[in-house]
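Only heavy atoms go into these numbers, but all of them, side chains included; no hydrogens, no water, no symmetry mates. Here is how names work: the chains are called A, B, and so on, in the same order as the sequence lines, proteins then strands, and each is numbered from 1. Remember, it's a predicted structure, so these values are computed and weren't measured experimentally.
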Amino acid sequence: MTKKTEEHIIIIPGIKLNIPKKAKIRENIIKINRNYISTLLGLLHQVNNEYTIIPYKDIYKPKPGDYVVGIVVNYAPNGWIIELGTYTKGFLPAQDYIRDKKFNPKEVELSEYIKVGDIIGARVVEANRYSYFLLSTRGEAKDKMSKYLGVLKNYYVIKVSSTKLPRIIGKKGSMIKTIKKKIDGDLVIAQNGVILYKGDYNNYLLLKRIINFIVFKTFAAGLTNAVASMLGVELEEGEGDE
Amino acid sequence: MSEEFRRVDGRKPDEMRSYKIKAHVLKNADGSAEIRLGKNWIVAAVYGPKEHFPKFEVLHDRAILNCRYHMTPYSTSERKSPKPSRREIELSKVIRSALEQAVILEEYPEMSIDVFIEVLQADGSTRVASITAAAVALADAGIPMKDLVVGCSAGKINGRIIVDVGEYEDKEGEADLPIAIMPNLRRVVLLQMDGKLTHEEFKKAFDMALKGAYKLYEEQINALKSVIKNMEVLEGEDRE
């Protein structure tokens, strides 16, 4: 049975945090009248001298370089509008996808390339606050995800909150490595909380069950060990969390 | 004046009605909360942040907080027309202004956050109860906030100052003073007054309402903490 660790304290928005002056503060903590105040409901997490709030629920905020997966919802005159499951949509320029120097939006029928309803994997180029996020399907030469950029077909899709992803990936990828030991196939995790899986249907059902298990137990310690015992996988030394 | 003064429902002047706040009561909303304050039964739901329409209304430096306070036709002893009344429109505005002080709207420019408050059963002091529930719903939705907002009302009936005004006292009383505060930042975000109070009476009523608000704040904290604790319960169910 897993238990919450002692360093995890439940935090309510507006609570004054007992943080030393020289500490580094990270996400979801603000300073008002010399006091550190939490802005979200979650757990206070301390690593060395760094403090952060692990939110119970948060809204995904894209950063340039993030790999995201979305669904095409509309056509713009020069590109596609993509729903990413966050507070605003993404925009994929047609010129970026078609890669034709002589591209002319007047002559090209966009639905011949990408249709409404297609699933797209892309990188965030610009997370401009004042408009849609600018996306690109052009990966750099060393981009590991380059084969997952563009239209993705025949994948099972699981959507979770982006705040749960660190738990699904685990410390240094320990959780995802444990899952991959049992579940073979193509497993892709996008930073907006979309998990894609290509493989056996029974494996997909098992994966879905495990992900739901992790989502419910986000705030519990020793989760990798619990998942490993669920899957019947033996962990090697150094893997898993205390 | 005798010490034995009891109100119409048998309460002492400084006694609150029974209260219970629950967070995360609705599945489909991004955040939700329910408050029971005496016979008041209010549900608040939050959606967003999301794109705001129409586009010409958007604010480029912050999000828009939309708030709708609505009383169901069966919330009062006589059927209430479901269309928004003058009072409901005013209360929606008042609640919005109170919540706007706490929500960090600058995080989401050009977006909007919707707060829907539905009064299922009304029993006086619904505006402060609504604010209390809406603040919990906002926190449950993961909207960044500087502090929670909590409200309580005080009033005057038969020359006595009372806290947590009920429906009868609201109608028959001489004065009514709803307040809402940000308890940690110690700021008042709503202060209205109906009727007349002397300077001393006002001070006393304000202090009583403040004490009531801090009691409700404790309940807000419990409601939000239980959301995280319940995740462990779910895990137990999942195992079985």
Checklist entry - Just wondering, are more than 12 heavy atoms of other shown residues or ligands nearer than 6.0 Å to NZ in B:Lys12? => result no
Checklist entry - Can you tell if the side chain of A:Thr88 reaches within under 4.5 Å of the side chain of B:Tyr108, non-hydrogen atoms only? => result no
Checklist entry - Taking it one step at a time, do A:Ile10 and B:Lys229 satisfy side-chain contact (heavy atoms from CB on, under 4.5 Å)? => result CA-CA 9 Å; A:Ile10 300 176; B:Lys229 284 176 186 162; 4.2 Å; yes
Next on the checklist: Are there over 12 heavy-atom neighbours, none belonging to B:Lys55, within less than 6.0 Å of that residue's NZ?
Outcome noted: yes
Item to check | By side chain to side chain donor-acceptor pair (under 3.5 Å) - contacts of A:Thr137 (at least two apart) | outcome: A:Asp96
Next on the checklist: Let's test your reading of the structure: which of B:Val58, B:Ile104, B:Asp140, B:Leu148 forms the most heavy-atom pairs below 4.5 Å with chain A?
Outcome noted: B:Asp140
Item to check | Nearest non-hydrogen partners of A:Gly14 and B:Asn184, listed with the distance | outcome: O-ND2, 2.9 Å
Next on the checklist: Would you say NZ of B:Lys50 has more than 12 non-hydrogen atoms from neighbouring residues, nucleotides or ligands within 6.0 angstrom?
Outcome noted: yes
Checklist entry - Got a donor-acceptor contact below 3.5 angstrom from the A:Lys16 side chain to the B:Leu185 backbone? => result no
Checklist outcome for this item: When the 4.5 angstrom heavy-atom criterion is applied to B:Ala141 and chain A, the contacting part is backbone
Next on the checklist: For B:Phe53, I'd like to know if atom CZ has over 12 heavy atoms of other residues, nucleotides or ligands within 6.0 Å.
Outcome noted: yes
Checklist entry - Do you know the tightest heavy-atom contact between A:Pro13 and B:Leu224? => result CD-CD1, 4.5 Å
Checklist entry - Within a radius of less than 6.0 Å around NZ of A:Lys164, do more than 12 heavy atoms belonging to other residues, nucleotides or ligands occur? => result yes
Checklist outcome for this item: For B:Met111 and A:Tyr87, the nearest pair of non-hydrogen atoms, with its separation, is SD-O, 3.4 Å
Checklist outcome for this item: So, the part of B:His24 with a heavy atom under 4.5 Å from chain A: the answer is side chain
Next on the checklist: Would B:Lys146 and A:Thr39 count as a side-chain contact (heavy atoms from CB on, under 4.5 Å) here? Give the steps.
Outcome noted: CA-CA 6 Å; B:Lys146 287 178 212 152; A:Thr39 58; over 6 Å; no
Checklist outcome for this item: Heavy-atom nearest pair, A:Leu41 first then B:Ala139, reads CB-O, 4.1 Å
Checklist entry - Heavy-atom distance under 4.5 Å to chain A: side chain of B:Tyr217, backbone, both or neither? => result side chain
Item to check | Structural part of A:Ser38 lying under 4.5 Å from a heavy atom of chain B | outcome: backbone
Checklist entry - chain B heavy atoms under 4.5 Å from A:Ile15: which part of the residue, side chain, backbone, both or neither? => result both
